[in-house]
Structures are given as structure tokens and as C-alpha cells.
> 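Shown below is the structure under consideration.
As the structure is a prediction and not an experimental result, all values here were calculated from the model. Residue numbering restarts at 1 for every chain, and letters A, B, ... go by the order of the sequence lines.
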6 protein chains.
Amino acid sequence: MSELTHFDAQGAAHMVDVSEKAVTARIATAAGWVKMAPETYELITSGNAKKGDVIGVARLAGIMGAKKTPDLIPLCHPLPVTKVTVDLVPDPALPGLRIEATVKTAGQTGVEMEALTAVSTAALTVYDMVKAADKGMEIGGIRVILKDGGKSGRYEAE
Amino acid sequence: MSELTHFDAQGAAHMVDVSEKAVTARIATAAGWVKMAPETYELITSGNAKKGDVIGVARLAGIMGAKKTPDLIPLCHPLPVTKVTVDLVPDPALPGLRIEATVKTAGQTGVEMEALTAVSTAALTVYDMVKAADKGMEIGGIRVILKDGGKSGRYEAE
Amino acid sequence: MSELTHFDAQGAAHMVDVSEKAVTARIATAAGWVKMAPETYELITSGNAKKGDVIGVARLAGIMGAKKTPDLIPLCHPLPVTKVTVDLVPDPALPGLRIEATVKTAGQTGVEMEALTAVSTAALTVYDMVKAADKGMEIGGIRVILKDGGKSGRYEAE
Amino acid sequence: MSELTHFDAQGAAHMVDVSEKAVTARIATAAGWVKMAPETYELITSGNAKKGDVIGVARLAGIMGAKKTPDLIPLCHPLPVTKVTVDLVPDPALPGLRIEATVKTAGQTGVEMEALTAVSTAALTVYDMVKAADKGMEIGGIRVILKDGGKSGRYEAE
Amino acid sequence: MSELTHFDAQGAAHMVDVSEKAVTARIATAAGWVKMAPETYELITSGNAKKGDVIGVARLAGIMGAKKTPDLIPLCHPLPVTKVTVDLVPDPALPGLRIEATVKTAGQTGVEMEALTAVSTAALTVYDMVKAADKGMEIGGIRVILKDGGKSGRYEAE
Amino acid sequence: MSELTHFDAQGAAHMVDVSEKAVTARIATAAGWVKMAPETYELITSGNAKKGDVIGVARLAGIMGAKKTPDLIPLCHPLPVTKVTVDLVPDPALPGLRIEATVKTAGQTGVEMEALTAVSTAALTVYDMVKAADKGMEIGGIRVILKDGGKSGRYEAE
């Protein structure tokens, strides 16, 4: 079983030394969702453009959130991301929005935290914009579904 | 049904005008969890102090995350929070960590986004510190469980 | 003629003491524009939705920019803004986009810097999104058109 | 005519994938100005050192502004800039201050947004420091005058 | 003896609840110094203006640093500061620069952390600008010399 | 004697051009301390875990502070740090805490400012958490003790 690499032998938290790791192409994809009441789902997905672009605002918040990852996550390395995409897709079966974010970089450490932060920030932004209509929304299913590049190889969620 | 207050009559996003609202005492509590493999749960909750204080680091990240809310959530008002607490409790039935955050302010708008952001940031920080051992962790159950103060009154999740 | 209040008797820059000023309702509106080639104007204003929502992204960037004002402008006081709106309107005579931002707060100092920063940030964001098509765009006309609240009274640009 | 590269085929905004682009030496220069009343121009450029160093403060704000570019401009890639200079030169014919900023990096994308943001931030800072004396100042002429490095080659404004 | 108010009964860190405390006028002054080699002291204090305004840059960095305090200090409350001044005075006996910062607010908690952060940031900025000439500089003497306002009353260092 | 490289021939501050410098492995270590009353020292170092983990919180603040260096220090280059460790060790002879921070990167400029900022931020955080018990604490001894990598070679404090 792997150790908790963010702690030293005395249990003190530190930012892991990645200076000896190779700079390689890295990619990660994370997913999540926001579940809401059926009427709320109707409200944000119906054709009436005047209701505003919830998805467009949340997508942008997710992209900007990915760039803030090293500011938010204490032991995360700063990384110059080279690509961020965030997709929000309405799912009537949820009902709600399914979110997926993909991040790329060339660096010495992976970008799964950036992808997860993008998904989380997009989900929180949906909540913020819709909360006047529905306080009972729930955010969940946040996980890494793909990670590739670097020594530990490819990871795909089952 | 309530309207989406963050959009004007043309559907353009804006920061809602709260300048006419009264300054009142506000409180909000949000919850969430990080679910992990049983072995990972053992690893972070077992008595061996040398394994490091995952909960302590995540708690601090959550508190700092609450302060970054208006930076992360595009249409959120900046608010001088007067209290933030974040608790992470191991739950063997999950197995994983249950997270709860409470935020207070005296202001013209609520602090549920601050509480939700604290929970999300704490959860992401747990993922970051434990990911070398378990990439399959999932973050979920993020929702508001209490909101009080202001015109819309008390809200408690069922 | 007024003095430069941000400098003391020795010419050293400081953040002006506003602690004795009354907390009053403040509002400011600023304006500006981005001028572009006629073909670029066509590209971003034509009906084809697939070309993407330049205006929506720039509006959001402007709102978030207003919140970053005290971070960007060294001697600016931090202020909890209570409203931000940013409008971008296509003007075929320019040709380009006309931008207007209005900011409100209840505070001890005005919000014209927040309104100007919102306009600037929205304009820079338009440039960023369109620059692959037109590097020769120009940003101008950035000025305060309305300021009210506080001891110095109402100001309206001619 | 070039397409709007920040939008995908569905019109959704994203951060452009630059991961396949070569890391090359990049440079960009942007310009702009702040126009003011003749008496205001006298006030900030006259010999009396006690009036304070408006130009020095604005120069520093511009340099720091360049570093905040990816925070301000939603779809901008974070880039480790290797040089930033900002010059503000009094121009009695304007009357006002002419601003020019040059930014360098070695990276996968250009630095014209960093140069434009440096100019804008310096201009806004001039406004902030002088506004007690002159609310009617105008910021304009913000444009790229040189861009070099990368696949699209050298660009010089006419 | 006072308790450590930032920790609860279980030893968990939290942001202290100040929501019941009165909003009162607060002021704090902190001091510190940067000690350097005699030749370095000559270099930065001699009449030659071409050597650049080390003191002016450090003063501005200190003012901006005060505004970043809640971002830097994990359990610090965000506060809208109403005044920040930073003074750097050459002291040939040190030899070096003596720094003093005063911060004011009207709030529910004191501003000594803002004053200390202003001094620290100004001192670090002096080090940064002069380090090519003198790597052996030392920063010290950082302490609160005055704190007033709020329930705990006036504190003056001996 | 070296010149002040952050100023040009006219004395204007700028961010030094490092674009021609080689990318090399860089390391720097800085040190400092927080001195306190003997009773305060007892309070934070005694066995009673309920008193809370002052050292753990300050360590994390120091690590996050290192990442904020280019935001705080105006003329500092942004750098993707690859390792940050911060150690705080109780010293009964002081009495107080001795702090040491080590930062690594692969870059075109050194990381001594990052190490110094980590030490300063950790020290300020100790002050913040303990100030209710002891306002007379002093922060000092902040200096670079090791710097290596780059053209100027190895530096070790005597």
C-alpha cells in the first residue's frame, strides 16, 4: 500500500519534492454532478433564453477555478496548465447537470487536482445561480475518471 | 417558483443588487463527505501519528477556502466573514470522512456559498493528500443543511 | 485646485485615511469601448451562435474584475461591493463593442475605481477572445460617467 | 479570416489547448495613455517632489498587474513571465501620460495580454491617484504595438 | 493566563467567532528593520537618484501586503482596512532601514496582523531589491508597538 | 560592488530580464524565529494536545506563503516551485520557535525570496495564533542561510 507522500517521517505536512521527476505531458479528466428538483431542472434547461445562461457562467467559473488550484489546495504544486475544458450537460434522469473537466499540462506532477477543482467550482457556481429557486440541491459524484502521463501510468476509473 | 435572480430580463448575468437589503446576522452550515477504500480509511485514521494529520490540513484548507469564495464564484458578493469552523469526522460506515462547515457574518446576503466552498475545499484537500494511496475516492453529499438570517428566513434540510 | 490626496507632505504614497468619513450609499458608472475591423465586428455579432458568446464571457470577466480592484490598484481601499452590472452593446458605427459598468456599495469611499476596473477587464477579455482574428483592435474611451454618494456629491461627465 | 479559437464547435468557451505548441521566446509591447486637464498635467509633472511620485506608483502597479493577467482574463493561460517593464512618459501635447509595457517569456503562447494588462493597470492607477483633482480623465489608445515569437510570426502595428 | 483562542476544546484550529463583538474603531502600529552591510547602506541611501527608489517600492509593497493579510494568515478575519501607512527610515547606526506601519479599521477585531504583515512585506521587498548586492541582510525586530480599540483596550510595547 | 539590478539607468523599477539565463536546478534555505515570554512558550509546547497544533498551522501557512511570493513581492518573477518544506522547532533558550524553510525549483532565477516569504508567513501565523496570550512576541533573525544553483554559485551564511 502506498504511503501518504505529503507527510514526512515525523508526520509533518510538506509539499512533495518533484524536482527530480521528468517533465512529461499530463492529462486528467474529472466528473461530478449537481442534482436538483424537477422544477428547477425545467427552469434552467427550458428554451427561454431570458432565463440566462447558467451553464455558460458555470463553465467559465470552472475554467478559472482550475487556475486557482495551487491557491486553494495547500500542498499542490503550481503548474502552468496548457488546456482546460469544462462541459456541463443536462441529464433529465438525475435530474440536474453532469459536469466533466479535462486539464492538460507539461510538468513534473499530475493535473487531477486541477480537473477536480474545475468540476467543484463549476458545481458550486450552478448552486449559487440557482439557489434562490432551490436550496435543496446536492453536489456529488466528484471523482477522477482519467489520469495519464508521468511515472505512475494511466489510470481509468471503472 | 422563484426566478433566477442572477440574470436580468435579457438573460445577462449580473451580481444581484443587495444594497437595499438590511444588514442582519447570517449563519449557514453545509455538509459533504469523501468516500474511500477501506484500506485507505485505515491508513488515515489509524493511531500512527507519523502518518500525518490529514484532517488538520484539510480543516485549515476549508477555512481558507471560505475566505476565497467571492474569488471563485463569479456572481458572489464579497463578505467579511466573522466565523468559520470546519469539522472532519471519520465514519467507518462510509468509509471515509464526513465534513461539516459553519460560517457566520453580519451582512446583506447569506453565507451558504462560503459554507459550501469550505466543505468542497476541505474535501479536495483530503483527495490531494491521499491520492497517492487511492485514486478512486469520491466526493459527494455536498449540500446546505442550515441557513438562517435575512428576509427569506430559516432553512433546514430535511 | 485639489491636492493629490494619496501622497503625504513628504511625497510618500499612502492609503488615504477614510476612517472618519461617513458610511453612505455609493454608486459609480464607467464606460469604454473596444474598436475593431469591420470583418471582426461581423464575426462576433453575426447570428451564428456557434461563434461563441464573446459578450457573455467579457461581462462575467468584468464583474469578477470589479471584485479584484483593491488587489490591482495599490492605494485603493477594499470595499464590499453590493452590486455590479456590466453591459456590452455592439455599435456598428464604431465598429465594435461599447461597455458600461455600474457598481454600488455602502462605504466610506467611492466605487469609481471598481467601475473603471470592470470596464477595463471586460475590454481586455474581448481583446483576448478575438485577437486570433484581429490584432489591431484598440481599447479606449475609458472614463467615469457618473459618481454619486459621499461628501463630494454627484459627478456626471458632460 | 481566422476563427475565434476560444470557442469550440458548439460555441462553448474553453482555454485553448497549447500543449502541442513549441516553447519559444515571446515578446510583446502594448501602449496606451491617460489624458487629463492641463492643470492636472501641471500638478503631476511639476518639479515639486512633495507632490509625490505618481509615475513610480503606476509603474509598479503595471508590473504587478502583468503577473495577475491569468487571474483577470478568464481564458488566458498562466505563464511565468521573465521580464516586465512599464514606462510612463509625460506628453504635454496630450496632455497626460503615455504608457508603454513590454513583457517577455519562454512559453507556448504569446504575452500580448500581459502587456495590455500592465498598460491598463498602470493607467487605472494613475486615475486613482489623481482623481481627487480631476474626475474627467480619460484612458485610451490601448493596443498591441509589437508581438513576436511563436508560429504566427512578428506583428507590428502600423 | 489567556488561552489560545484559535483552537477549540479538542485542539482543532478555527476562525474565532467575532460576530458578537462590537464594531469599534481599531488601530495598530508595528515595527521592524532590515540590517545590511555598511556599503549596502551607502548604496541605497546615497544621493544618486539613478540608484532607484528602494524605499518607495518597499512602501507600496507594504501597503498592498496589508490588504493581503487574510489571504496569508489562515485564521485571520477579512477586514476592510480604512488606512494604511508604511514608513521606511534609514538608520546609519543599524545600518539599514527601520520600518513602521500603521493600519486602521472599523471592525470587530484588531488590525495588528495587518500592520505586522505590512512591515514584513516591506522588509522582504527591500531584501529582494538589494539582494544582488548583499545576500547577508537580516530582517528583525518585527513586533507590535501599539494596538488600540476593542474590548482588550490599549496596548503599548515597553 | 554589485549594482541594484531592479532599477534601470534612470532609477525606474522594473522586473529584471531573466529570459537569457539558463534554466537550472535552484535551492534556497531561509531561517528566522519567534521569541515569546517563557509562559507562552510553555503554553504552546506543553504536552496538552487540546491546546492545539500551533506548529502544524504555521507550517502550512508557510508552505502556502511560498506560493504567494510573486504576488507579494512586486519585482519577483513567478516561478513554479517544485518543493517547499517548513520546519518549526521549539527552542527553550530563546524561548520560542525557530523556523527554517527550504524551496526548490528548476528555473531562470533563484528561490531565496520564496524561502524568506515562507519563514515570514509562518512566523506571522504563530503570532496570530498566540497573540491573545502574549502581545509582546518578536519576530527576527530572518535571513538566507543557503542558496545554490544559477550563475552566481553557492552562498552559505557564516
> I'd like to verify something: which residue of E/M64, E/E138, E/R143 has the highest number of heavy-atom pairs under 4.5 Å with chain F?
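Most pairs with chain F among the choices: E/E138.
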
> Which region of F/K68, side chain (C-beta onward) or backbone (N, CA, C, O), has a non-hydrogen atom less than 4.5 Å from a non-hydrogen atom of chain E, or is it both or neither?
side chain

> Relative to chain E, which segment of F/K35 carries a heavy atom at a distance below 4.5 Å: side chain, backbone, both, or neither?
neither

> Please identify, among F/P74, F/A61, F/S120, the residue contributing the most non-hydrogen atom pairs under 4.5 Å to chain E.
F/P74

> If I measure from the heavy atoms of chain E, does F/E112 come under 4.5 Å with its side chain, its backbone, both, or neither?
side chain

> Measure the shortest side-chain to side-chain distance between E/I73 and F/Y127 over non-hydrogen atoms and say whether it is less than 4.5 angstrom.
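Heavy-atom side-chain distance check fails, nothing below 4.5 Å.
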
> Is any side-chain heavy atom of E/V126 less than 4.5 Å from a side-chain heavy atom of E/M36?
yes

> Between F/M113 and chain E, which part of the residue has a heavy atom less than 4.5 Å away: side chain, backbone, both or neither?
side chain

> If we only count heavy atoms from C-beta on, is the E/W33 to E/L94 side-chain gap below 4.5 Å?
yes

> Looking at F/V89, F/T125, F/L88, which hits side chain to side chain contact (heavy atoms under 4.5 Å, CB included) with F/I55?
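Among F/V89, F/T125, F/L88, the one that satisfies the side chain to side chain contact (heavy atoms under 4.5 Å, CB included) with F/I55 is F/L88.
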
> How about E/L124 and E/I139: do any of their side-chain heavy atoms sit closer than 4.5 Å?
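Result yes, sub-4.5 Å side-chain heavy-atom pair found.
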
> Among E/V16, E/V144, E/L60, E/T69, which residue forms the greatest number of heavy-atom pairs with chain F at distances under 4.5 Å?
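The residue among E/V16, E/V144, E/L60, E/T69 with the greatest pair count is E/V144.
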
> In the structure I gave you, are the side-chain heavy atoms of F/L75 and E/M129 within less than 4.5 Å of one another anywhere?
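A side-chain contact exists here, since the closest heavy-atom pair is under 4.5 Å.
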
> If you define the side chain from C-beta out and look only at heavy atoms, does anything of E/V18 sit under 4.5 Å from E/H77?
yes

> Please rank E/L116, E/I145, E/V130 by heavy-atom pairs under 4.5 Å with chain F and give me the top one.
E/L116

> Which region of E/K131, side chain (C-beta onward) or backbone (N, CA, C, O), has a non-hydrogen atom less than 4.5 Å from a non-hydrogen atom of chain F, or is it both or neither?
side chain

